[in-house]
Amino acid sequence: MTDTIPAAAERALAFFTQEFGEPAPGARPLYVHAPGRSEISGNHTDHEGGHVIAGSLDVAVEGIAVANGTDTIRVADEGFPTFEITLDSLEARDDERETSAALLRGMANQLAATGRTPTGFDFAFICTVPAGGGLSSSAAVEAAYGRAMEALWEGPEIAPVELAKMSQFAENCFFGKPCGLMDQAAVCLGGLAYMDFADAAEPKTAKLDLDFETAGYALCLVKVGSDHADLTDEYAAIPQEMQAVAAAFGKSRLSEVDPAAFDDRVDELREKLGDRAVLRAIHYWYENGLVDQRWEALNAGDIERFLALTRASGASSAMFLQNVSVPGHDVREQHAMVALGLAEHMLAGRGAARIHGGGFGGSIQCFVPTDLVDEFIARMDGWLGAGSCRRYAITEKGAYAAWL
């Protein structure tokens, strides 16, 4: 817990009062913060036991939770209908798949597994993480639920990586999206973090205090103009195809496969699994190596080498991972690819641009020279719509809760 209460708590409390009324006498409000995240390096490597660099951002879920003395959790998300779940059953429900209720019930399931006794509360939050924009609004919401339950339900303190694993479980097994652990870990850890998922149960992490703007570049994320919320099947196909390659070697993830053994069986794998699965495996090993090289560059303060390697990563995602355009959609609509093309046109060989996060819809990530950033944002907004491009900063705090 922390005693530092940011100004955002005031707005969240006003929203809580609007939705649920004044907290009852003696009921202590709990402020909850969970940031969005940007994947800095490692496109679809986490679910294969690989390496990732990610950073928490200056957008977040900011909420107020108050115990209500019932067996019901009520949730108000600004701009969306209020919903509730009862705590009589904490098992996954088919009728809640791909809904906010599934995430809430999944987190309650995981927090109850720590020995806590679930009790009802009201939770009102304001989310400045753009939904469907590839900044992990779902992971931020999961972490916010988790930190609220950790504080409101008596039990042991939960470390950031443990909370991340609980959040991943809720998304995988209750919501129904087969994500890796990177999104949740970045949200819970905060700051700029390197993660090694070779041991899924105990991932290794390291952090670096680095300001990209001090190094001369602004971190900009550009919404490409298409929502990826309905593309769960496209996301699911990426780990499925990578893991099908691993299964051909009797393994569960590509990190467990010897690349030399893969090289010896390429023809067989193409025949059995198809070319895209083979290409996605090639991307995994290439991208995983680029993550380590970029982390070394950042630690050495070599921003230009980091950017060159980032450009190579973006090319791999487009050519081999193929998570930029959506298969089967109208070929005249390639939102992410157009956004990348326009960004490259503006950067003219400086900085770097790449698909961001899961890919397909959502956003692209750009490292823009600070002397160009205002013009870059104005031009991208002019081409893609007002508010499409935003300058972000890495923030140190991960998900936390504090009593008001």
Side-chain angles (χ1 to χ4, degrees), residues 1-37 56-87 96 99-108 111 118-133 135-153 163 167 170 175 184 187-188 190 223 227 229 387 390 392-393 395 397-404:
M1 294 292 178
T2 176
D3 293 327
T4 304
I5 308 298
E10 208 170 294
R11 185 177 171 215
L13 185 57
F15 179 54
F16 180 95
T17 302
Q18 172 189 314
E19 293 297 311
F20 300 119
E22 293 284 350
R28 194 176 180 190
L30 179 76
Y31 169 68
V32 183
H33 168 95
R37 72 94 187 95
S56 59
L57 298 176
D58 54 346
V59 289
V61 168
E62 315 272 5
I64 297 293
V66 179
N68 61 24
T70 73
D71 69 345
T72 299
I73 302 174
R74 299 188 297 173
V75 174
D77 176 357
E78 187 180 48
F80 295 91
T82 297
F83 70 94
E84 64 182 48
I85 67 167
T86 56
L87 297 168
E96 289 180 347
T99 70
S100 297
L103 297 179
L104 181 61
R105 195 179 302 276
M107 292 307 296
L111 270 291
T119 55
F121 61 91
D122 297 328
F123 185 44
F125 69 87
I126 295 161
C127 182
T128 56
V129 185
L135 276 66
S136 294
S137 56
S138 60
V141 168
E142 292 154 10
Y145 290 157
R147 287 300 185 211
M149 294 170 186
E150 176 192 26
L152 291 166
W153 303 345
L163 182 64
S167 301
F175 187 86
Q184 291 81 3
V187 167
C188 294
K223 293 186 291 184
D227 194 335
R390 174 170 169 171
Y392 289 88
T395 58
K397 284 188 179 295
Y400 74 93
W403 295 104
L404 294 182

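Predicted model, so just to flag it, every value in this text is computed and none were measured. Note that the numbering runs from 1 along the sequence shown for the chain.
At a threshold of 4.5 Å between non-hydrogen side-chain atoms, the residues V59 and R390 count as touching. Between I85 and E96, the closest side-chain pair of non-hydrogen atoms falls below 4.5 Å. At a threshold of 4.5 Å between non-hydrogen side-chain atoms, the residues Y145 and L111 do not count as touching. Side-chain atoms of C127 and E78, non-hydrogen and from C-beta on, never get closer than 4.5 Å to each other. A heavy-atom distance below 4.5 Å is found between the side chains of F125 and V75.
With hydrogens and angles ignored, the 3.5 Å screen pairs a side-chain donor or acceptor of T395 with a backbone N or O of L57. A donor-acceptor contact shorter than 3.5 Å is absent between the side chain of S137 and the backbone of V129. The backbone N or O of T86 lies less than 3.5 Å from a partner atom in the side chain of R105, making a donor-acceptor pair.
Remark: T70 OG1 to F121 CZ distance equals 10.0 Å, nearest 0.5 Å. Here the CG atom belonging to L104 is positioned 13.0 Å from the CZ atom belonging to F175, to the nearest 0.5 angstrom. For the atom pair I73 CD1 and M149 CE, the distance stands at 4.0 Å (nearest 0.5 Å). One finds the SG atom of C188 at 12.5 Å from the CZ atom of R37 (value rounded to the nearest 0.5 Å). Interatomic distance, CZ of F15 versus CD of E62, reported as 13.5 Å (0.5 Å rounding). Between the CG atom of L87 and the OG1 atom of T119 there is a distance of 7.5 Å, given to the nearest 0.5 Å.
When all heavy atoms of Y31 and A8 are compared, the closest pair comes out as OH-CB, 4.0 Å. A151 approaches L30 most closely through the heavy-atom pair CB-CD2, 3.5 Å. Annotation for L152 and A65: closest pair CD1-CB, 3.9 Å, computed over non-hydrogen atoms. F16 and I64 get closest at one heavy-atom pair: CD1-O, 3.5 Å. Smallest separation of non-hydrogen atoms from A399 and A143: CB-CB, 3.7 Å. A pairwise comparison of heavy atoms in A34 and A144 identifies CB-N, 3.9 Å as the closest pair.
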Which pairs would a plain distance check flag for residues 18-28, meaning a side-chain donor or acceptor within less than 3.5 Å of a matching protein atom at least two apart in sequence or in another chain?
from: E19; atom 1: OE1; to: T82; atom 2: OG1; distance (Å): 3.3
from: R28; atom 1: NE; to: L404; atom 2: O; distance (Å): 3.3

